[in-house]
Protein chains: 2
Amino acid sequence: MTITRQCFTYNCIREDFIQNTYMQILLKFKINESLFLRDPESSEVGKLIVEKGIDLIRDVGFERFTFKKLAEKINSTEATIYRYFASKYRLLIYILNWYWCYLEFVSKMSLQELGDSTQKLKLILEIITHNFDSDSQIVDYDLEKLHGIVISESSKAYLVKEVDEINQELVFSPLKSFCQFVGQVILQVNPKFAYPNALASTLLETAHDQHFFSEHLPKLADNKSKITHKKYVLNYLNFLAFSAINSYQ
Amino acid sequence: MTITRQCFTYNCIREDFIQNTYMQILLKFKINESLFLRDPESSEVGKLIVEKGIDLIRDVGFERFTFKKLAEKINSTEATIYRYFASKYRLLIYILNWYWCYLEFVSKMSLQELGDSTQKLKLILEIITHNFDSDSQIVDYDLEKLHGIVISESSKAYLVKEVDEINQELVFSPLKSFCQFVGQVILQVNPKFAYPNALASTLLETAHDQHFFSEHLPKLADNKSKITHKKYVLNYLNFLAFSAINSYQ
DNA sequence: TTTATAAAGATAGTATTACTATTATTTGTT
DNA sequence: AACAAATAATAGTAATACTATCTTTATAAA
């Protein structure tokens, strides 16, 4: 399966589906409408805002990211961007919503072929650490950049004073949905397991933290053999997940 | 042991030390000098800046926290605060440095009395989740506020573009030092354990995340019986830590 | 007691940020 | 050809994150 992303639309070519025939399936993730004022997928400028927004947040960090700088990058104006997003914070959550939907989609697609729940969880860990085969097949250039944002900016989406208010707008539903999906796979591996959702969120957060630590604060990690950060995180998460799940309390 | 905090000085009364005699030990944590321009412990305004700074960050969140608002709270001016701290970001790291030093100090003090390394680790988990006996004996009113800041703001100290530059200033040394101390205790429990530092940092980060999730995004946690957030986090961390450590790979 | 000096207070000012508002221009549609 | 809708261009505001300067106050040495 080869997946091509066109901005926030998935272009899904299943080579195995019909022999010698490329079948394109266009997928759109329905993103919570409260996150934008005008649907960025509805126009070229809108797509540019999101696409180059990812680039810029990645390049300068969320704190230094401004709509003014983004406007310059896309040869447009601040006013135009404000017609799509009420604030840079909403744009960040929009991007993360897309990413969380992507995680759940790719997981569900890939897991269909697997019967063994242990193998399912292993595959999920590959997906969240971006050690996934299909990942490299994704033609879209900016999934790596997106992963970079997720690692260093995603917790800023919820670690704010207004968390309860914005949570009411359902903007964290895709994250919860993904974690609960992972939690169900965990329960398939061990139906007696007491912390399926907590472990799911811990694995996702730890994937980000340990990637960041391995790269920037190596004393907070144990990447001794200096393998790639992704590979190190995958090994560690596999160990953590299965030692927890297989320990009956 | 009763501990009283006076701003950034510990006032340590060991009741067991000499019967019926209160012995006061004043402790100061040496905070990295690059974090301040003028030592806030050297004056009353300085102490107020830190003390009321904790209050205000806790009340409005780090994003909305400004030196102007803080100046009003302490009946002083922005200019005065800027003479102590170059930015609100440096003040945050200063506060976190103090907290990380506190964690290591309280851990080392309490662990002296224990021989069994498993008991040591259990006690450390009590300390980082603030389920610790001495915690409630700490007369100082704002340790709870400090814990609140640590839960929702601490990752913002390192999740920034400039992490490598500020890391060179050694401002994360107390965090690394604490995690490595915990890592050594983990190795005492199981000398073959492959991820002592990673597990230590994971436990600390997970303590914050799960506390936050239990409170604000409960679907990302498993606090089913609705016990206190602290108690839930302690149970989960104990499970996570010992299933990892006792699983020989 | 005067005098130096260091901290703090009072005040002003700047560049940037995070917006909002207004008008003009372009673009596609009937 | 007329129309609406989106965008561009421009201006403006309040707040933020500072820097600078000058005055007052407290403290301590001469």
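All figures in this text were calculated on a predicted structure; none of them were measured in a lab. Lettering of chains follows the sequences in order, A, B, ..., and the numbering in each one begins at 1.
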Per-nucleotide protein contact along nucleotides 13-30 of chain C, 5' to 3', at a 4.0 Å heavy-atom cut-off (B base, S sugar-phosphate only, - neither), is ----SBBBB---------
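Nearest heavy atom pair, residue I54(A) against residue I149(A), reads O-CD1, 3.3 Å. Across all non-hydrogen atoms, the minimal contact from P174(A) to N97(A) is CG-OD1, 2.9 Å.
Note on residues 47-77 of chain B: pairs passing ring pair (Phe, Tyr, Trp, His ring centres under 6.0 Å), not counting sequence neighbours, are F67(B)-Y82(B). Annotation: ring pair (Phe, Tyr, Trp, His ring centres under 6.0 Å) contacts involving residues 146-183 of chain A, sequence neighbours excluded, comprise H130(A)-H147(A), H147(A)-H211(A), Y158(A)-F212(B), Y158(A)-F213(B).
As a whole-Å value, the separation of I74(A) CD1 from dA9(D) P is 12 Å. Taking atom CG on L48(A) and atom P on dT7(D), their separation rounds to 11 Å, with Å as the unit. The distance between atom CD of E44(A) and atom P of dA8(D), rounded to the nearest whole Å, is 12 Å. At whole-Å resolution of the value, CG in L70(B) and P in dT16(D) are 13 Å apart. Rounded to an integer number of Å, the gap from CD1 of I81(B) to P of dA10(C) is 13 Å. For the pair F36(A) CZ and dA6(D) C1', the computed distance is 17 Å after rounding to whole Å. A straight line from CD of E41(B) to C1' of dA7(C) spans 18 Å, rounded to a whole angstrom. One interatomic measurement links the two molecules: NZ of K47(B) to C1' of dA8(C), which rounds to 17 Å at whole-angstrom precision.
Look at S76(B) and you'll find a side-chain N or O under 4.0 angstrom from OP1 or OP2 of dG9(C). S43(A) has a side-chain polar atom (N or O) that falls below the 4.0 Å cut-off from OP1 or OP2 of dT7(D).
Nearest to the side chain of T80(A), among dA7(C), dG9(C), dA8(D), sits dA8(D).
Salt bridge E63(B)/K156(B): present, at least one basic N to carboxylate O contact under 4.0 Å. Salt bridge annotation for K108(A)-E104(A): present, with a cationic side-chain nitrogen under 4.0 angstrom from a carboxylate oxygen.
Aromatic ring centres of Y102(A) and W98(A) lie closer together than 6.0 Å.
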